[in-house]
*Asks:* 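Got a structure for you, written out below as structure tokens; questions coming shortly.
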Amino acid sequence: MTPFPFLPDHNDLIETRYRKAEAMREAGIEPYPAKAEAGDTAAEVLARAEVLMESGDVVSLLGRVMGVRSFGKAAFFHLRDRTGQVQVYIKKNIVTEECFRLYKEFLDGGDLVHVTGRLFRTKTGELTVEAAELRIAAKAVRQLPEKWHGFRDVESRYRQRYVDLIANPAVAETFRARSRAISAMRRFLDAGGFMEVETPMMQAIYGGAAARPFVTHHNALDMRLYLRIAPELFLKRLLVGGLDRVYEINRNFRNEGISTQHNPEFTMLELYAGGWNADRMMGFVEDILREAAMGALGGTRAVFGDLEMDFADPVPRVRMVDAVSEALGAEVDWDTPLERLRELAGELPEEVRTPDEAIVHVFEERCEEKLQQPTFVHDFPKSLSPLAKSVEGRPEVADRFELYIAGMEIANGYSELNDPREQYERFLEQAERRKAGDEEATAEVDEDYVRALEYGMVPAAGLGIGVDRLAMVLTNSPSIRDVILFPLLRTAKREEHADSPSSVEETANGGSTG
RNA sequence: GCUCGGGUAGCUCAGCUGGUAGAGCAGCGGACUUUUAAUCCGUUGGUCCUGGGUUCGAGUCCCAGCCCGAGUACCA
């Protein structure tokens, strides 16, 4: 029996280090001291190295001990903080006896320490802090993965992202780049007069996209709620209210399969601009993506696998029917009869019942993956775009576009439908489709949204950018899980003492619809 | 959901036609005051994902299940 509670994966390596922490306490050293001193950063120290060596000023660093190389009466290690790392040299005849004892008896790789000392250059030329003082900042009782082969097991990397971030510096850089891309887009939007807003993620009626939702329940109100599949209908209510330059960067939730391009919760930048149309919005997409690339990469060129692209280049625009015509080797349009399309395509799945569906199907099957370089596809079937306005003079064509990069849909935008009567009809059609068994059609008509349109909504264009997929492209990450810090995984296997009370089960079951 | 691949020490991985479970690194003990995968000597460490089965004997073969990945399906 051990005197402390231990986790199920406790082992003797951890035991040894817990004992060490106890021994430190017995020696009068608190392994988890209350005081923390953020002094210099590694990056600053390296940047100011020449000045610091000249002046002999003492630097002060807080960070994690990496790669200890120890000798009898001296040692080197690297001290890593959020900005980088600096080598530290500790030598018996320089530091106090207590400090040397701390190193010799208690210090392990992975510990967080505070080091102060002067900067010098070793004979191999590396800038190094000669420790005058070494103090423990926080003891680590689990050892880090091996330095040479790293931490590769994908499942462990996702489940224990904290270890992944320490062990694989490229991973941390990916998330920094993602963050910089988002910051750059925010700056660009703010500078362009857009206002950031937050709209409900828990919605009584979900809409704005075609997807199955997650369902939850509010106890006090005894109310069924859906996690939003899109913020669109709320953002456009704001347009009615006169806030007609708005954006939101936040999570959407779609109860669908998981793949290298799909995570059940994902981040979307959605924005609306009064007085714009889809054409204007395409130009804006080019601008904001260039800003995102600049932020993430410091330049406009990006590499994704074998693909090289330059976000400074104008993005070509292709009509969907033209892309499909090329794929089929014959001119087709929205008014091409279904029979003719079936003939040209060879085979079409049973659920394809209209020319619109046939063209979209062929596009998805044969065209999407060929769109490697950034490309706008525009003019979508109106029937599959219930929130979009028609192209002038062509009521069957939606003034809508999607941006493809590396075969992935990265952005989607359109001129917003603001005719309340038409919108109501479209909603009713959706409800009919739902009744007919289309699980992705919106179940309930959002009457209040139609009411809002009845007050008059400024002509506007809207845009959604899949932030995770954009981050994939900018960071050359082949899976969406590489750009989401904590991607959804099945819960790790529970221990044998685990039992599930019925109340917990009820809650869990509320989220699944089959 | 389906197909394929994977799960062995803290980490990275070997383990053939079934025959007492291995390496490197880490850890632990020792030597070592400019190393950077430090070096040298010694050494501990295993629910081989789980549960059944076949067999004298299973990490290995069979069945069922769990988890991860890739592909596919789904995904205005």
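To find a chain, count down the sequence lines: A is the first, B the second, and so on, and within it residues start at 1.
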*Asks:* Not counting sequence neighbours, list each pair that qualifies as a salt bridge (Lys or Arg N to Asp or Glu O under 4.0 Å) and has a residue in residues 115-131 of chain A.
*Replies:*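 Matches after skipping sequence neighbours: A:E50-A:R121.
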*Asks:* Report yes or no: do A:R228 and A:T199 form a side-chain donor-acceptor pair below 3.5 Å?
*Replies:*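 Note: A:R228 and A:T199 side chains meet the donor-acceptor criterion.
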*Asks:* Kindly state each residue pair satisfying salt bridge (Lys or Arg N to Asp or Glu O under 4.0 Å) with at least one member in residues 407-424 of chain A, sequence neighbours excluded.
*Replies:*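 For residues 407-424 of chain A, and leaving out neighbouring residues, the salt bridge (Lys or Arg N to Asp or Glu O under 4.0 Å) pairs sorted by first residue read A:K236-A:E416, A:K382-A:E422.
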*Asks:* What is the distance from CG of A:D9 to P of B:G10, rounded to the nearest Å?
*Replies:*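 Distance check: A:D9 CG to B:G10 P gives 9 Å.
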*Asks:* Take nucleotides 68-76 of chain B nucleotide by nucleotide from the 5' end and write B, S or -, depending on whether a protein heavy atom sits under 4.0 Å from the base, only from the sugar-phosphate, or from neither.
*Replies:* SSSS-BBBB
*Asks:* What's the CD-C1' distance between A:E15 and B:C28, to the nearest Å?
*Replies:*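 Taking CD of A:E15 and C1' of B:C28, I get 14 Å after rounding.
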*Asks:* Considering only atom C1', compute the distance from B:G46 to B:A21 and round it to an integer number of Å.
*Replies:*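 These two C1' atoms come out 8 Å apart once rounded.
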*Asks:* What pairs of residues pass the side chain to side chain donor-acceptor pair (under 3.5 Å) test when at least one of them lies in residues 93-110 of chain A, not counting sequence neighbours?
*Replies:*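 Pairs touching residues 93-110 of chain A that pass the test: A:K20-A:D108, A:R101-A:E105, A:D108-A:K139.
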*Asks:* Pair up each side-chain donor or acceptor in residues 68-76 of chain A with any protein partner under 3.5 Å, not counting sequence neighbours, and list the distances.
*Replies:*
from  : atom 1 : to    : atom 2 : distance (Å)
A:R69 : NH1    : A:G67 : O      : 2.8
A:R69 : NH2    : A:Q87 : OE1    : 2.6

*Asks:* Write out a two-atom table: protein N or O, nucleotide N or O from nucleotides 11-14 of chain B, distance below 3.5 Å.
*Replies:*
from  : atom 1 : to     : atom 2 : distance (Å)
B:C11 : O2'    : A:G150 : O      : 2.7
B:C11 : O2     : A:E146 : OE1    : 3.1
B:U12 : OP1    : A:R152 : N      : 2.9
B:U12 : OP1    : A:D153 : N      : 2.9
B:U12 : O3'    : A:R152 : NH1    : 3.4

*Asks:* Rounding to the closest angstrom, what is the interatomic distance between B:A9 and B:G22 at atom C1'?
*Replies:*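 After rounding to an integer number of Å, I get 10 Å for this pair.
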*Asks:* Quick one: list whatever passes side chain to side chain donor-acceptor pair (under 3.5 Å) with A:E429, sequence neighbours left out.
*Replies:*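 In terms of side chain to side chain donor-acceptor pair (under 3.5 Å), with neighbours along the sequence ignored, A:E429 is linked to A:R426.
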*Asks:* Could you give the distance separating B:C68 and B:G27 at their C1' atoms, to the nearest angstrom?
*Replies:*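 Here B:G27 and B:C68 have their C1' atoms 28 Å from each other.
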*Asks:* Test of understanding: with side chain to side chain donor-acceptor pair (under 3.5 Å), list the residues that count as partners of A:N277, not counting sequence neighbours.
*Replies:*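 Side chain to side chain donor-acceptor pair (under 3.5 Å) list for A:N277, sorted by chain: empty.
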*Asks:* Considering only heavy atoms from C-beta outward, does the side chain of A:F106 approach that of A:I136 to under 4.5 Å?
*Replies:*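 Answer no - side chains too far apart.
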*Asks:* Look through every strand shown and name the nucleotide pairing with B:A37 as Watson-Crick or G-U wobble, where both distances are under 3.5 Å.
*Replies:*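 Pair assignment: B:A37 / none.
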*Asks:* What pairs of residues pass the side chain to side chain donor-acceptor pair (under 3.5 Å) test when at least one of them lies in residues 349-361 of chain A, not counting sequence neighbours?
*Replies:*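 Qualifying pairs: A:D356-A:S383.
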*Asks:* For B:C75, give its Watson-Crick or G-U wobble partner with both distances under 3.5 Å, or none.
*Replies:*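 Its partner is none (no Watson-Crick or G-U wobble pair with both distances under 3.5 Å).
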*Asks:* Calculate the interatomic distance between A:L7 atom CG and B:G10 atom P; express it in whole Å.
*Replies:*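 Result: 14 Å.
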*Asks:* Taking the C1' atom in each of B:G45 and B:G24, what is the distance between them to the nearest angstrom?
*Replies:*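 These two C1' atoms come out 15 Å apart once rounded.
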*Asks:* Could you give the NZ-to-C1' distance, from A:K147 to B:G24, as a whole number of Å?
*Replies:*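 Value for this atom pair: 16 Å.
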*Asks:* Enumerate all atom pairs, one protein N or O and one N or O from nucleotides 29-34 of chain B, separated by less than 3.5 Å.
*Replies:*
from  : atom 1 : to     : atom 2 : distance (Å)
B:C32 : N3     : A:G72  : N      : 3.2
B:U34 : O2'    : A:K123 : NZ     : 2.9
B:U34 : O2     : A:K123 : N      : 2.9

*Asks:* Quick one: side chain to side chain donor-acceptor pair (under 3.5 Å) partners of A:E146, sequence neighbours excluded?
*Replies:*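 For A:E146 the side chain to side chain donor-acceptor pair (under 3.5 Å) partners, ignoring immediate neighbours, are A:H149.
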*Asks:* Any strand is fair game: report the nucleotide pairing with B:G10 by Watson-Crick or G-U wobble, both distances under 3.5 Å, or none.
*Replies:*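 Pairing partner, where one exists within any strand: B:C25.
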*Asks:* What's A:K382 touching, base or sugar-phosphate or nothing? Going by heavy atoms closer than 4.0 Å.
*Replies:*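 Since no nucleic acid heavy atom lies under 4.0 Å of A:K382, the category is nothing.
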*Asks:* Taking the side chain as C-beta and beyond, is there a heavy-atom pair between A:F214 and A:P264 under 4.5 Å?
*Replies:*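 Result yes, sub-4.5 Å side-chain heavy-atom pair found.
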*Asks:* Could you pull out all residues at least two apart from A:R80 that satisfy side chain to side chain donor-acceptor pair (under 3.5 Å)?
*Replies:*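 Applying side chain to side chain donor-acceptor pair (under 3.5 Å) to A:R80 gives none.
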*Asks:* For the C1' atoms, the ones on B:C28 and on B:U33, what distance do you get once it is rounded to whole angstrom?
*Replies:*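 It works out to 23 Å between them.
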*Asks:* Any strand counts, and the cut-off is 3.5 Å on both contacts for Watson-Crick or G-U wobble. Which nucleotide pairs with B:C4?
*Replies:*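 Paired with B:C4, as far as the under-3.5 Å criterion goes, is B:G69.
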*Asks:* Could you state the atom-to-atom distance from NE2 of A:H10 to C1' of B:G45 in whole Å?
*Replies:*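 Spelled out: NE2 on A:H10 to C1' on B:G45 is 14 Å.
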*Asks:* Hunt down the Watson-Crick or G-U wobble partner of B:G19, both distances under 3.5 Å, from any strand shown, or write none.
*Replies:*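 Partner of B:G19: B:C56.
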*Asks:* Taking atom P in both B:G7 and B:C16, what distance in whole Å separates the two?
*Replies:*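 About 12 Å, rounded to a whole number of Å.
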